[in-house]
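Below is one structure, written out as structure tokens; the observations come after it.
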There are 2 protein chains.
Amino acid sequence: MNRNLERAQDNFIEGIGHLSSTLGFSKVMGQLYALLYLSDKPLSLDDMVKRLVISKGSASINIRELEEKGAVKRIWMKGSRRNFYEAETDLAKIIRDRIALSTRWRMDEIRDIIQKSEELIQNVKGDSNNSEERRRIKFYSQRLKEMKRLHKRAHNLLGKLLLFTKTIKF
Amino acid sequence: MNRNLERAQDNFIEGIGHLSSTLGFSKVMGQLYALLYLSDKPLSLDDMVKRLVISKGSASINIRELEEKGAVKRIWMKGSRRNFYEAETDLAKIIRDRIALSTRWRMDEIRDIIQKSEELIQNVKGDSNNSEERRRIKFYSQRLKEMKRLHKRAHNLLGKLLLFTKTIKF
DNA sequence: TAATATGTTTAGAATATTGTAAACACTCTA
DNA sequence: TAGAGTGTTTACAATATTCTAAACATATTA
């Protein structure tokens with residue numbers, strides 16, 4: 001392959017790999033995606049292993065995760081027993097789905113923390129002995145209430161934003 | 001301190017600590033913030049060290065990061081030599097600023113990757129020997145163009161969204 | 001100035017993550 | 001059915017992160 005073209009691609013692949021790692025994914029995942037994104041035809045696992053000089057195990061695990069996230073598609077090539085892969089190029093969709101999913105379970109996690117805390121604070125309210133403690137308990141309840149309010153509003157806002165981004169063509 | 005109140009707080013602190021770690025911050029950072037968020041008065045480093053049973057070094061480093069991110073404020077308490085801290089309770093603002101900042105440099109990173117790749121591909125265009133390679137080079141350029149377009153639109157959209165969230169009261 | 005109070009830095013331990021190499025399992029075909 | 005081709009799993013190695021403990025630096029007070 002043209003040495004300069006390869007170098008140009010490497011720059012892109014490395015960059016996306018780095019970006020991937022700062023987003024909480026592995027570097028290899030980003031590199032695999034970038035390679036497929038630049039490739040004019042589907043690539044097999046061994047193609048990618050050779051091109052990126054990584055182990056097969058790592059390629060196997062990372063490509064599967066990309067597939068689960070909907071970032072790559074498995075392609076059947078007539079006459080070959082290999083699995084081939086292609087990048088899902090609707091990047092906007094991938095990102096949107098990812099954000100929707102990750103914010104959703106984060107919001108749920110927060111909701112659960114608040115809920116559990118509310119239960120626990122209810123149990124305390126009875127046994128307040130002195131005024132100092134009553135103040136603390138009251139303060140805690142107050143903060144929980146604030147956070148609950150913020151959570152609800154953020155939840156609504158996120159829903160609206162996601163709807164909004166779906167109507168937009170990137 | 002009331003044992004049950006303490007247990008209730010611990011639940012909250014642990015939850016926020018975990019959330020913090022999934023967001024790319026350290027667990028201790030989240031725990032410190034949560035503790036301050038629930039406290040009805042500013043706390044010193046030693047207060048927090050005792051309450052969370054962590055090392056002073058870790059507390060020192062993590063509280064400083066929280067301060068840099070604008071999530072806690074340092075408070076001067078007349079008559080004490082200690083530094084006291086208080087949670088910044090405008091959570092919406094903290095989150096917004098954080099998102100604005102982190103997306104900004106991610107967008108810049110992507111822009112730089114694309115730009116560098118464009119330069120590199122320019123150098124290749126001259127020495128295309130056969131049609132197979134010309135096709136690949138063309139394909140690569142095409143993809144870069146697509147990504148550039150997406151980047152530009154995402155950039156605009158993000159700007160608008162941030163503006164929008166600033167006008168909203170949480 | 002000695003002793004104390006306080007926060008910061010650092011060296012290293014503990015832990016988590018992620019990649020590699022090789023064994024493994026499965027499928028196809030000769 | 002033996003053997004080759006292909007992807008997956010696993011045990012381990014390399015690396016990065018983050019905490020702790022202790023040394024250190026600085027400021028304050030007696």
**OP:** Would you please test A:R3 and A:E6 for salt bridge (charged side-chain N to carboxylate O under 4.0 Å, His left out) and show each step?
**Re:** CA-CA 5 Å; A:R3 213 74 194 74; A:E6 192 174 337; 3.6 Å; yes

Original post:
For D:dT9, does either OP1 or OP2 sit under 4.0 Å from a side-chain N or O belonging to A:S60?
Top reply: no

Original post:
So with a 6.0 Å cut-off around NE2 of A:H151, is the heavy-atom count from everything else above 12?
Top reply: yes

Original post:
Just checking A:R82: base, sugar-phosphate only, or nothing, at a heavy-atom cut-off of under 4.0 Å?
Top reply: sugar-phosphate

**OP:** Using a heavy-atom cut-off of under 4.0 Å over every strand shown, decide if B:S58 touches base, sugar-phosphate, or nothing.
**Re:** base

Original post:
Knowing that exactly one of A:D46, A:I75, A:L43, A:L45 qualifies, which makes a side chain to side chain contact (heavy atoms under 4.5 Å, CB included) with A:R82?
Top reply: A:D46

Original post:
Does a sphere of radius 6.0 Å around CD in B:E14 hold more than 12 heavy atoms from other residues, nucleotides or ligands, not counting ones at 6.0 Å or beyond?
Top reply: no

Original post:
Side chain of B:R64, base of C:dT8: donor and acceptor closer than 3.5 Å?
Top reply: no

**OP:** For DNA chain C, determine which residues of residues 33-40 of chain A have any heavy atom closer than 4.0 angstrom to one of its atoms, and list them numerically.
**Re:** none

Original post:
So does A:K27 reach the base of C:dG19 with its side chain, donor to acceptor, closer than 3.5 Å?
Top reply: no

Original post:
How far does OG of B:S26 sit from CD of B:E65, to the nearest 0.5 angstrom?
Top reply: 7.0 Å

Original post:
What nucleotide, of D:dA21, D:dT18, D:dG7, holds the atom closest to the side chain of B:S55?
Top reply: D:dA21

